[in-house]
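Here the structure is a predicted model, which is why all the values come from computation and not from measurement. As the structure lists them, so they are numbered: ligands from 1, and atoms in each ligand from 1.
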Amino acid sequence: MIMKLLQEEIIKNGKVLSENVLKVDTFLNHQIDPVLMQAIGNEFAARYKDAGITKILTIESSGIAPSMFAGLTLGVPVVFARKRKSLTLSDNLFTSKVHSFTKGETNDISVSKDFISKEDTVLIIDDFLANGQAALGLLEILDQAEANTAGVGIVIEKGFQPGGKLIRDKGIRVDSLANIKSLANGKVEFFEEETV
Ligand code: G4P
Ligand code: NA
Ligand code: NA
């Protein structure tokens, strides 16, 4: 149901900027639709309700909105990795490097050691899965923390880019609520087989 709604929203308001980039500023990346985000968060929560989740881990900024609703429903805290270096250099941080192919830059991301530990079972959530570099960075932080990884929940996967395969090939569960097959010719085409 939410997957159908999300696809309809993408068709209606998404703008295909190129064969690789979909702009979704009306509900996810700039203006945020709380009703849609709540439905998305609830869907992640439902899929992981028996996974023993203790924390949700996302990355600022666009992963935070869907994560909040999943955290609210699961009753667990939401931690977001920071992209900027903290003003006070600290050894109390897990850090990893995230290379953005889209932006042509590499950034450090960090999470305080206070908020993820080996006692945690963590669901990663993010807005987009493209080349998978952000998700890999978050997975590396969970490795450093020796936390358990339950899976990765993605609002919009671009299945024609390599990130999804990269993460799944590591044996990690990936749940994408929309999976885009192609953005060719200014048109959004979805993989349909996963629709529930
Ligand atoms: P990757 O992590 O999967 O390797 O992605 P990549 O480096 O290509 O993406 C860099 C940023 O662009 C990320 O957001 C990612 O969510 C976003 N992104 C990737 N593909 C698309 C797309 O087709 N459409 C939109 N709207 N975003 C895309 P970010 O820089 O971390 O920004 P934000 O979370 O603050 O929004
Ligand atoms: Na993001
Ligand atoms: Na983004």
Query raised in the report: Can you list the residues that meet the side chain to side chain donor-acceptor pair (under 3.5 Å) rule with Thr121, with sequence neighbours excluded?
Result: Asn148
Requested in this report: Check the surroundings of atom CG in Asp114: do more than 12 heavy atoms from other residues, nucleotides or ligands lie under 6.0 Å from it?
Outcome: yes
Report task. Please state whether Gly163 comes within less than 4.0 angstrom of ligand 1, counting heavy atoms only. Result -> no
Query - ligand 1 contacted by Asn20 (non-hydrogen, < 4.0 Å) - result: yes
Query raised in the report: Which of the listed options, Lys23, Lys83, Glu60, holds the heavy atom that is closest to atom 32 (O) of ligand 1?
Result: Lys83
Report summary line: Near Lys103 (heavy-atom distance under 4.0 Å), the atoms of ligand 1 are 29 (P), 30 (O)
Query raised in the report: Would Leu6 and Phe27 satisfy side-chain contact (heavy atoms from CB on, under 4.5 Å), going step by step from the backbone distance to the final call?
Result: CA-CA 10 Å; Leu6 178 60; Phe27 64 94; 3.9 Å; yes
Query - Proximity to ligand 1 by part of Asn131, non-hydrogen separation under 4.0 Å - result: both
Requested in this report: Examine the side chains of Thr73 and Asn42 and answer whether a donor and an acceptor come within less than 3.5 Å of each other.
Outcome: yes
Report task. Check side chain to side chain donor-acceptor pair (under 3.5 Å) between Lys158 and all other residues, then give those that pass, not counting sequence neighbours. Result -> Gln161
Query raised in the report: Side chains of Glu157 and Ser176: is there a donor and an acceptor less than 3.5 Å apart?
Result: yes
Requested in this report: Give the atoms of ligand 1, by number and element, whose distance to some non-hydrogen atom of Ala134 is under 4.0 Å.
Outcome: 2 (O)
Requested in this report: Specify which N/O/S atom of Asp127 comes nearest to the Na ion (ligand 2), by atom name.
Outcome: OD1
Requested in this report: Could you pull out the atom name of the N/O/S atom in Asp126 that is nearest the Na ion (ligand 2)?
Outcome: OD1
**Report entry** Minimum-distance pair of heavy atoms, taken over all atoms of Ile116 and Phe94
**Finding:** O-CE1, 3.5 Å
Report task. Out of Ile167, Leu22, Ile154, indicate the one that has the non-hydrogen atom closest to atom 24 (N) of ligand 1. Result -> Leu22
Requested in this report: Could you tell me whether Asp127 approaches ligand 1 through its side chain, its backbone, both or neither, with non-hydrogen atoms closer than 4.0 Å?
Outcome: side chain
